[in-house]
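Let me begin by presenting the structure, written as structure tokens, before commenting on it.
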2 protein chains.
Amino acid sequence: MPKVGMEPIRKAALVKATITEIGRVGSLDVTVSQIAKRAGMSSALAHHYFGSKEQIFLAAMRHILTLYGAEIRGALAAADGPGARVEAIVRASFASGSFRREVIGAWLNFYVLAQTLPEAMRLLGIYQGRLHSNLVHALRPMIGDRAEQLARGLGAMIDGVYLREVLKGGTPDGAAAAAMVLDYLDRELEGA
Amino acid sequence: MPKVGMEPIRKAALVKATITEIGRVGSLDVTVSQIAKRAGMSSALAHHYFGSKEQIFLAAMRHILTLYGAEIRGALAAADGPGARVEAIVRASFASGSFRREVIGAWLNFYVLAQTLPEAMRLLGIYQGRLHSNLVHALRPMIGDRAEQLARGLGAMIDGVYLREVLKGGTPDGAAAAAMVLDYLDRELEGA
DNA sequence: TGTTTTCTTGATTGATGAGTCAATAAACTT
DNA sequence: AAGTTTATTGACTCATCAATCAAGAAAACA
């Protein structure tokens, strides 16, 4: 039944299956066979297209980062004025998509991957850099040079609140998390 | 050469070796043999004393939490006055011990473990609860009922700053990280 | 039509690793 | 001294898994 032009389809299916499996198992202890099975193909085919398990993981990570980036871009497009832009970024960071079981699992495990795989650390760096520059861009018209510093604080706060929300067990409350960060933001801004 | 009373000694050695190996490898992909070898014994003996790899991991996690708790208690003992107490907690959280390679690896991997092992999540909950109540206790004399809220923010900020400092690559700068959190604290307090 | 490329998998390889067990020996107990 | 408990390991089992390969079958090409 071989049809031609399968490569992108297969790869996409594998990436999706990888994220699902990591979320299901809760760790990087997923076998290529599990992934391939969920993606509806043999493990040999997975190796054929990606070469190694490591490459599959990296592709999955790129995909998560892409999704997150799209979420942010979408939110920014619908926001006008600096204040609205900052708020949009924060809210997008805690959108329901970020709290899906498999996305949580992916993030936590990518932190771990970054300890070993330089490429994974590079990707995380890109994510942090983009978040930072988005925040600075939105904050500069409001507070000028203090934007840099506040953006760093906000970035850390976002990650920290996310981590706690995720680790506290039970169903995460994205709205409450966003509200917490926005409260912090308000207090920082009123002083200026 | 069997001497009696080896159990606690062996267990302690295994726990230490576990943390070292997790830090070295950067993930939970450590074999019992590796751990046992570093601890100077056979893998069979490791199984004899702990029963399973999972139990070894949990023991290691308890140990990390104990060390952290001791660091905090030590810092608190040398601090008088509420302000000094909060500052002590923050500084202790970013003490050099927290940034040792193996401690970093342990924390990140415990986050992942908590996704799978309920006991691991319970232990993390204890850590967060203690940190929170320490902060509230120190903050209440200064700001009364707002202590709860600020303690939550501070806790998240500590975790977030730690995570970023750890993931940015290169040598982490504990002093800079602590300063960042203390700046945040100052701004929150001056408004009250 | 014959040849090459793409797609696909079952079977296999080779390695690794968690956990068990039987056996040895030293130390305590009675 | 005989028996029990504690310490210790080498050898083994059983399972898993990443990666490879040979081979088949459909499409594209010449």
Side-chain angles (χ1 to χ4, degrees), chain A residues 1-61 105 109-110 112-113 116-117 119-120, chain B residues 1-61 105 109-110 112-113 116-117 119-120:
Chain A
M1 320 142 183
K3 284 177 187 169
V4 123
M6 282 287 99
E7 177 156 355
I9 297 170
R10 292 302 200 184
K11 279 192 165 182
L14 283 168
V15 162
K16 198 178 161 200
T18 302
I19 295 167
T20 304
E21 283 300 294
I22 290 180
R24 197 179 61 77
V25 178
S27 82
L28 295 177
D29 267 320
V30 240
T31 72
V32 175
S33 297
Q34 276 167 29
I35 294 170
K37 186 173 184 181
R38 178 166 296 264
M41 73 195 79
S42 72
S43 71
L45 196 53
H47 276 103
H48 173 67
Y49 281 126
F50 276 105
S52 77
K53 190 175 167 178
E54 187 176 300
Q55 291 304 314
I56 300 180
F57 280 160
L58 288 175
M61 189 164 168
N109 281 288
F110 289 160
V112 168
L113 250 199
T116 338
L117 268 183
E119 174 69 4
Chain B
M1 319 137 188
K3 285 179 187 167
V4 122
M6 283 285 100
E7 178 156 355
I9 297 170
R10 294 302 202 184
K11 279 192 166 183
L14 283 168
V15 161
K16 197 177 162 200
T18 302
I19 295 167
T20 305
E21 283 299 293
I22 290 179
R24 198 179 59 78
V25 178
S27 84
L28 296 176
D29 268 321
V30 231
T31 72
V32 176
S33 297
Q34 275 167 30
I35 295 171
K37 186 172 184 183
R38 179 166 296 263
M41 74 196 77
S42 72
S43 71
L45 196 52
H47 277 103
H48 173 67
Y49 282 127
F50 276 105
S52 76
K53 192 174 163 176
E54 188 176 299
Q55 291 305 314
I56 300 180
F57 280 160
L58 287 176
M61 191 165 167
N109 281 288
F110 289 160
V112 168
L113 250 199
T116 338
L117 268 184
E119 174 69 4

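Lettering of chains follows the sequences in order, A, B, ..., and the numbering in each one begins at 1. Just so it is clear, the values below take in all heavy atoms, side chains as well, and ignore hydrogens, waters and symmetry mates.
- Separation of atoms CD1 (B:Ile35) and CD1 (B:Ile22) is listed at 6.5 Å; rounding is to 0.5 Å.
- Residues meeting the side-chain contact (heavy atoms from CB on, under 4.5 Å) test with B:Ser43, sequence neighbours left out: B:Val32, B:Ser33, B:Ala36.
- Only one option out of B:Thr31, B:Asp29, B:Val30 pairs with B:Glu21 in a side-chain contact (heavy atoms from CB on, under 4.5 Å); it is B:Val30.
- Atom-to-atom distance recorded for B:Ile56:CD1 and B:Lys53:NZ is 8.5 Å, nearest 0.5 angstrom.
- At a non-hydrogen distance threshold of 4.0 Å, A:Ala44, A:His47, A:Ser52, A:Lys53 from residues 43-55 of chain A come into contact with DNA chain D.
- Residues of residues 9-42 of chain B that place a heavy atom closer than 4.0 Å to DNA chain D, in numerical order, are B:Arg10, B:Met41, B:Ser42.
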Run the side-chain contact (heavy atoms from CB on, under 4.5 Å) check on A:Val15 and A:Phe50 step by step: do they pass? CA-CA 10 Å; A:Val15 162; A:Phe50 276 105; 4.2 Å; yes

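- Heavy atoms of other residues, nucleotides or ligands lying less than 6.0 angstrom from NZ of A:Lys37 number 12 at most.
- If you measure from atom CE of B:Met6 to atom C1' of C:dC28, you get 15 Å, rounded to the nearest angstrom.
- You'll find the side chain of B:Glu119 stays beyond 4.5 Å of the side chain of B:Glu54, heavy atoms only.
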Stepwise, does the side-chain contact (heavy atoms from CB on, under 4.5 Å) test hold for B:His48 with B:Arg10? CA-CA 10 Å; B:His48 173 67; B:Arg10 294 302 202 184; over 6 Å; no

